[in-house]
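Only heavy atoms go into these numbers, but all of them, side chains included; no hydrogens, no water, no symmetry mates.
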Amino acid sequence: MFVVLLAGCGPKDYKHDADERVYAILDRHWDPEFGTKANYRVSDVEPSALDVRVDKTIPSSGVLTLPGAVAIATAHNREYQTQKELLYASALNQRLVQHQFEDSLFGVAGLFYSGDGTDEAVGLSANVGFNRLLATGTQITAALATAWTEVLLGPGEMGWSSLFAASVTHPLLRGSDPAIVLEGLTQAKRDTLYQIRTFNRFRKTFVVWVVTQYFEALELHERARNAEAQVAALERLRDQARNLASVGRLPVIEVDRLQEEVLLMREVQIVAQQEHERFLDQFKIALGLAPTVDFRLDAEAMRSLAASGLAEPTFAESEAIDTALYHRLDVANAADAVLDAQRHVHVAADQLRADLRLGGTIELHSDGARRGTAGAALDLPLDRVAEQGAYRMALLALNQRQRDYDLTADTVRLEVRQAHRKLREAAQRYRTLVEARELAEVRVEKTYALLR
């Protein structure tokens with residue numbers, strides 16, 4: 001038992017204890033409205049039941065589906081892992097601040113030798129106790145000290161001696177408000193809440209980004225395939241025109257024109273294929289995979305999207321803006337930051353007050369002797385230049401946080417307006433492109449008919 005206390009816990013025990021405390025804090029702060037409590041644990045911690053567990057492997061079919069891409073990205077994307085670590089760090093910091101209001105144990109032991117040629121002695125000493133800070137600002141310290149001395153030379157005292165000492169300090173003016181005393185812990189809890197919101201906001205936008213990248217890669221693949229098909233169609237037209245020209249039924253210049261179109265379309269095909277391969281390699285890195293990993297995307301996803309069509313939004317722009325301002329997690333963080341700044345002004349104003357503290361100590365010696373002291377200490381607010389500056393800066397910070405919130409809200413309004421316009425534009429462009437494709441198909445058929 002004594003050896004265990006001396007050695008302390010092992011690194012694995014400390015890590016396990018820290019992980020349990022951190023995720024207990026996160027679980028308490030997590031609101032289901034923020035998002036599903038899944039895929040939020042750091043990589044070296046046992047995943048939760050809702051976490052996606054997926055290896056960096058491609059199915060045997062060689063096709064990476066859209067759900068599979070999202071699963072791999074949330075499990076292995078490097079930025080996603082960093083966001084999980086930032087979430088962990090915020091809760092760990094709250095744990096450290098919270099520890100100030102818990103019993104803080106201490107224990108010190110030592111061996112000593114003293115001698116000056118006339119007196120000599122050896123001995124050992126030990127000192128154990130705890131510190132505790134209460135929400136009222138009261139500071140409590142209690143310690144038990146014991147010592148053993150063996151006199152080797154001289155008339156000094158020898159044997160065991162012990163001392164119990166306790167002290168209490170309580171503020172009456174500055175720092176006596178529990179809200180002031182607990183401000184550090186309050187802010188640490190708020191920071192944890194903000195990071196949970198930030199993580200969930202990142203996760204939502206990240207999944208949308210992965211889906212967007214997936215369809216963009218499919219679109220580039222379709223462009224390359226379409227260019228390849230157009231090259232083949234033009235080559236067939238050129239061959240037919242060459243046959244007609246050989247029997248004098250078509251001018252040779254038409255053959256040359258078609259050959260030129262074939263060469264131009266081959267250049268378009270090469271560029272489209274290179275662009276698709278370059279984008280796909282970047283997408284692999286975004287998923288957390290090596291660019292040398294080979295897979296195909298699921299073309300059925302694009303066909304399903306095309307079959308569903310693209311309609312204009314049925315909701316009003318003002319409705320979308322109100323919904324975003326109410327539900328966006330970054331807006332909630334900006335609004336709460338204003339409340340934090342208001343509290344900081346209150347804390348800074350408290351530091352301008354006089355400091356009056358009551359204190360007392362008591363000592364109990366092993367020989368039965370007792371000693372106690374009690375008193376008060378007053379620090380008049382005669383020099384509060386530093387506190388004055390801190391108070392003024394807190395007021396300025398409050399104004400800044402208010403402007404930050406206004407900017408965040410206006411930015412959200414702008415983003416929603418732009419997104420609403422893009423949805424309408426995309427629906428209109430989709431209809432135009434469908435009509436253009438149908439017209440192109442008719443034109444190709446007419447061209448073949450003319451050649452026939």
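- For Leu287 against Ala73, the heavy-atom pair with the smallest separation is CD2-CB, 3.7 Å.
- Residues Val128 and Gly107 approach most closely at CG1-CA, 4.0 Å, considering heavy atoms.
- No donor-acceptor distance shorter than 3.5 angstrom exists from the side chain of His221 to the backbone of Glu277, with no hydrogens or angles considered.
- Under the 30°/60° scheme for interplanar angles, the aromatic rings of Phe206 and Tyr80 are found to be tilted.
- Taking both residues in full, the closest heavy atoms of His420 and Ala316 are given as NE2-C, 4.0 Å, listed atom of the first, atom of the second, then distance.
- Between the side chains of Asn131 and Thr141, a donor-acceptor pair is found at a separation under 3.5 Å.
- Checking side-chain atoms of Asn77 against main-chain N and O of Ala286 turns up a donor-acceptor pair under 3.5 Å.
- Val181 approaches Gly175 most closely through the heavy-atom pair CG2-O, 3.2 Å.
- Atom CZ in Phe283 sits 6.5 Å away from atom CG in Leu297 (nearest 0.5 Å).
- Checking Asp51 against Ser48 by side-chain atom types alone, a donor-acceptor pair falls below 3.5 Å.
- Atom CZ in Arg132 sits 4.5 Å away from atom CG in Asp103 (nearest 0.5 Å).
- Side-chain atoms of Asn200 and Arg203 form a donor-acceptor pair, as typed in the model, at a separation below 3.5 Å.
- Thr136 approaches Pro171 most closely through the heavy-atom pair O-CG, 3.8 Å.
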Item checked: salt bridge (charged side-chain N to carboxylate O under 4.0 Å, His left out) evaluation trace for Asp191 with Lys189 -> CA-CA 5 Å; Asp191 291 342; Lys189 291 180 178 179; over 6 Å; no
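- Checking side-chain atoms of Lys84 against main-chain N and O of Arg41 turns up a donor-acceptor pair under 3.5 Å.
- Between Arg197 and Asp330, none of the side-chain N atoms (NZ, or NE/NH1/NH2) sits under 4.0 Å from a carboxylate O, so this pair counts as no salt bridge.
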Item checked: Residue pair Arg413, Asp410: steps toward the salt bridge (charged side-chain N to carboxylate O under 4.0 Å, His left out) verdict -> CA-CA 5 Å; Arg413 293 186 182 98; Asp410 287 341; 2.7 Å; yes
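- The two residues Glu387 and Asp383 come nearest to each other via the heavy atoms OE1-O, 4.1 Å.
- More than 12 heavy atoms of other residues, nucleotides or ligands lie within 6.0 Å of CD in Gln428, so this atom counts as buried by the packing criterion.
- A salt bridge links Arg257 with Glu261: at least one charged nitrogen is closer than 4.0 Å to a carboxylate oxygen.
- Between Thr323 and Phe315 there is no side-chain heavy-atom pair separated by less than 4.5 Å.
- A distance of 9.5 Å separates CD of Gln81 from CZ of Arg78, quoted to the nearest 0.5 Å.
- Using a 4.5 Å heavy-atom threshold, the side chains of Ser304 and Glu300 count as touching.
- When the ring pair (Phe, Tyr, Trp, His ring centres under 6.0 Å) test is applied to Tyr23, the partners found at least two apart in sequence or on another chain are Tyr40, Tyr88.
- A salt bridge does not link Lys422 to Glu425: none of the charged nitrogens lies less than 4.0 Å from a carboxylate oxygen.
- In the model, Gln273 has no side-chain atom that pairs as donor or acceptor with a side-chain atom of Gln269 under 3.5 Å.
- By the 4.5 Å heavy-atom criterion applied to side chains, Glu33 and His327 are not counted as neighbours.
- Atoms OG1 and CG, on Thr138 and Leu133 in that order, are 8.0 Å from each other to the nearest 0.5 Å.
- Counting heavy atoms from C-beta outward, Gln351 and Tyr391 have side chains that stay 4.5 Å or more apart.
- Proximity of Leu64 to Arg296: side-chain heavy atoms (C-beta onward) are nowhere separated by under 4.5 Å.
- Residues that satisfy the salt bridge (Lys or Arg N to Asp or Glu O under 4.0 Å) test with Arg384, not counting sequence neighbours, are Asp379.
- For Arg401 and Tyr405, the side-chain atoms include no donor-acceptor pair closer than 3.5 Å.
- Ion pair Asp406/Arg403 not flagged as a salt bridge, since none of the NZ, NE, NH1 or NH2 atoms sits closer than 4.0 Å to an Asp/Glu carboxylate oxygen.
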Check: Does the pair Arg266 and Glu235 meet the rule for a salt bridge (charged side-chain N to carboxylate O under 4.0 Å, His left out), with working shown?
Finding: CA-CA 10 Å; Arg266 281 179 181 171; Glu235 286 178 341; 2.6 Å; yes
Item checked: Worked verdict on Ile140 versus Leu134 for side chain to side chain contact (heavy atoms under 4.5 Å, CB included) -> CA-CA 8 Å; Ile140 301 174; Leu134 304 182; 4.1 Å; yes
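- Between Glu415 and Arg328, at least one side-chain N (NZ, or NE/NH1/NH2) sits under 4.0 Å from a carboxylate O, which counts as a salt bridge.
- For the pair Glu222 and Arg303, the salt-bridge criterion is not met [side-chain N within less than 4.0 Å of a carboxylate O].
- The CZ atom of Arg417 sits 4.5 Å away from the CD atom of Glu317 when rounded to the nearest 0.5 Å.
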Checklist line | Derivation and outcome, side chain to side chain contact (heavy atoms under 4.5 Å, CB included), residues Val211 and Leu66 | finding: CA-CA 7 Å; Val211 173; Leu66 179 57; 4.1 Å; yes
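- Contact of the Leu87 side chain with the Gln83 side chain is not registered, since no non-hydrogen atoms from C-beta on lie closer than 4.5 Å.
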Checklist line | Pair Glu254-Arg242, salt bridge (charged side-chain N to carboxylate O under 4.0 Å, His left out): steps then yes or no | finding: CA-CA 9 Å; Glu254 287 297 322; Arg242 184 176 292 161; over 6 Å; no
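- One side chain, Tyr194 or Asp340, offers a donor N or O that lies under 3.5 Å from an acceptor on the other.
- The side-chain heavy atoms of Phe101 and Leu182, taken from C-beta on, include a pair separated by under 4.5 Å.
- Here the side chain of Trp30 pairs a donor or acceptor atom with the backbone of Gly35 at under 3.5 angstrom.
- Counting only distance, with no hydrogens or angles, the side chain of Arg353 and the backbone of Leu173 share a donor-acceptor pair below 3.5 Å.
- A cation-pi arrangement is absent between Lys204 and Phe34 under the rule of less than 6.0 angstrom and at most 45 degrees off the ring axis.
- Looking at Ile180 and His346, their side chains come closer than 4.5 Å, going by heavy atoms from C-beta outward.
- Atom CD1 of Ile253 has 12 or fewer neighbouring heavy atoms from other residues, nucleotides or ligands inside a 6.0 Å radius.
- A donor-acceptor contact under 3.5 angstrom links the side chains of Gln94 and His29, judged on distance only.
- Side-chain contact annotation: Gln274 with Arg278, donor-acceptor N/O pair under 3.5 Å absent.
- Salt bridge absent: Lys15 and Asp13 never bring a charged side-chain N and a carboxylate O closer than 4.0 Å.
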Note to self: What verdict does the side chain to side chain contact (heavy atoms under 4.5 Å, CB included) test give for Tyr214 and Val70, after you've listed the backbone C-alpha separation in whole Å, the side-chain angles of each residue and the deciding distance to 0.1 Å?
What the structure shows: CA-CA 9 Å; Tyr214 190 93; Val70 173; over 6 Å; no
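- The CD atom of Glu183 sits 4.5 Å away from atom NE2 of His344, with the distance rounded to the nearest 0.5 Å.
- Within the 3.5 Å criterion, the main-chain N or O of Gln100 finds no donor-acceptor partner in the side chain of Ser104.
- Side-chain N/O atoms of Arg343 and Gln187 include a donor and acceptor closer than 3.5 Å.
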